[in-house]
Amino acid sequence: MKRRSILGGAIPLALAAAGRAARAAPPAGLATNTDHGFNSAGTFDIVARFADPGPSGIAITPDGRMFVGFPRHAVDHKGATLAELRDGGLVPYPSAALSLPSDRAPADRLVSVHGMTTDTRGRLWMIDDGKLAGQPLRPGAAKIVGIDPATNRVVASIVLTPPTLLPDSHMNDLRVDLTHGAQGTAYVTDSSFGTHPALVVVDIATGRQRRVLAHHPSTQTEPRFMAVVEGRPLVFDPSHQTFVSGGVDGITLSPDSATLYYCPLTSRRLYSLPTALLSDFARGDAELAAAVTDLGEKGVADGLATDPQGRIYTTNFEHDAIFRRNLDGSFDTILRDPRVLSPDGICVHDGHVYCTLGQWNRLAGFNGGHDLRVPPYLLIRCPTDPPAPLSSLPA
């Protein structure tokens, strides 16, 4: 009894001391989350709902024309792989003959449009990953395609060939730099359906192409990487994938095209390279590797996009969020909401971030053969500069 009474007296005293310490703590000098993680952050508009298939790439021209890509590498659907969002509906683009499934040779049609972008002249560019679910890559299927929206005509179609293209290549996303090369240079992320990711560089005028940094840490998956997806802790295993994973994936350019930013999907780090070096085919891998800058952590990002001020927006499938990396390296939460499932393709247009939500982590291949996706799939937008920062309080 005596021992119990001593312990019983000590606990209230300890609690009281802790309470005094808490009350005596000085005001926080650093900003913190305004809602402490209990509520959604930010607002968004639903631009479009898609019954099927799921969207991935998104690009918007300077005059506001909106294009969406619907790849076929996960589900070999029969709809358009590239479409323009017009009057609330989808119109196969640039034509039904090119965008819908057909008997045309793979090099003469769009097979599986994935990443998309516009260049500084307002032209639309896309990476056709060329992959149909359950089938091997066919010659001519994987390619870079450019379309002039002013005429709706294809202005470039560059087929990717070995050794640039590997049997397990997953040409994922791209950016086009018009400051290097006679007609510009395309930078493509090959995140790989297997274990061979790399950056791909293509001279648009000549079609000359090459893989670079195929063994550099900045393009590779992180071994035993763990992601928390819809509350489930999942460890990366290339032989048994349980969540969306892969090597170099997200990619974006600085406003002046002088710097390329990129990141592996199965990683939390962000990297950059000067495009003057990357576009120069005379520069070898050792020189490129020495020029890579590790910009630190940015969360688990699929898509990357840059605004005119040079701020970088990153999707984040762990937090159902879109973050912004500011010029000083700090981050803000632009949007966080449980409906923002598998945020994927992303672009910035007229003061808004646009993002596709394809629910990719719910595909049958990641869930024991059970397709857990629940249409509709969404295209959303949120302001780049909300009225007040969503991730901080005044100091």
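Being a predicted model, the structure only gives us computed values, none of them experimental. Numbers here simply count residues along the sequence, with the first being 1.
- Ring orientation note: the planes of F70 and H77 are nearly perpendicular, at an angle over 60° on the 30°/60° scale.
- Under 3.5 Å, the side chains of T384 and D307 contain no donor-acceptor pair of N or O atoms.
- Ionic pairing of R324 and D385 is present here: one or more N-O contacts between side-chain nitrogen and carboxylate oxygen are shorter than 4.0 angstrom.
- With hydrogens and angles ignored, the 3.5 Å screen pairs a side-chain donor or acceptor of T206 with a backbone N or O of R208.
- For the residue pair S112/D129, the side-chain donor-acceptor check at 3.5 Å is satisfied.
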Please step through ring-ring contact (aromatic ring centres under 6.0 Å, His included) for the pair Y313 and F323, ending with a clear verdict. CA-CA 6 Å; Y313 298 81; F323 297 150; over 10 Å; no
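- Connection of L379 to I346 is not established within any shared hydrophobic cluster, with ILVMFWY side chains joined at heavy-atom distances below 4.5 Å, either directly or through further cluster members.
- Rounding to the nearest 0.5 angstrom, the gap separating the OG1 atom in T242 from the CG atom in N367 is 8.5 Å.
- Of the charged side-chain nitrogens involved, at least one lies within less than 4.0 Å of a carboxylate oxygen, so that R362 and E230 count as a salt-bridged pair.
- A donor atom on one side chain and an acceptor atom on the other are found under 3.5 Å apart for S191 and N172.
- A salt bridge is absent between R121 and D119; no separation between the charged side-chain nitrogens and carboxylate oxygens falls under 4.0 Å.
- Cation-pi geometry between R224 and F236 is not satisfied (NZ or CZ under 6.0 Å from the ring centre, within 45° of the ring normal).
- L160 is listed as a side-chain neighbour of V202, based on a closest heavy-atom distance under 4.5 Å.
- In this model, no donor atom of one side chain and acceptor atom of the other lie less than 3.5 Å apart for D190 and S192.
- R283 places no side-chain N or O within donor-acceptor distance of the main-chain N or O of L277, the cut-off being under 3.5 Å.
- T266 contributes no side-chain N or O that, together with a main-chain N or O of S245, makes up a donor-acceptor pair within less than 3.5 Å.
- Remark: the D63 side chain and the T61 side chain contain an N/O donor-acceptor pair separated by less than 3.5 Å.
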Before you tell me yes or no, could you show the steps for Y187 and Y262 under ring-ring contact (aromatic ring centres under 6.0 Å, His included), namely the whole-Å CA-CA distance, both residues' side-chain angles and the distance that decides it to 0.1 Å? CA-CA 10 Å; Y187 310 109; Y262 63 97; over 10 Å; no
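- With respect to the salt-bridge test (charged N to carboxylate O, under 4.0 angstrom), the residues E318 and R268 qualify.
- Neither side chain, S342 nor Q359, offers a donor N or O lying under 3.5 Å from an acceptor on the other.
- Note on V300 and L234: same hydrophobic cluster, where clusters join Ile, Leu, Val, Met, Phe, Trp and Tyr whose side-chain heavy atoms are under 4.5 Å apart, directly or indirectly.
- A donor-acceptor contact closer than 3.5 angstrom links the side chains of T252 and T306.
- Salt bridge annotation for R123-D148: absent, with no cationic side-chain nitrogen under 4.0 angstrom from a carboxylate oxygen.
- Between the side chains of D344 and S56, at least one donor N or O lies within less than 3.5 Å of an accepting N or O.
- By the rule that hydrophobic residues join a cluster once side-chain heavy atoms approach within less than 4.5 Å of another member, I158 and L174 end up as members of one cluster.
- Under a 4.0 Å N-O distance rule, the pair D294/R269 qualifies as a salt bridge.
- The aromatic rings of F193 and H170 sit parallel, their planes meeting at an angle under 30°, below the 60° perpendicular limit.
- Under 4.0 Å is where a charged nitrogen must lie from a carboxylate oxygen, and between D45 and R381 at least one such pair does.
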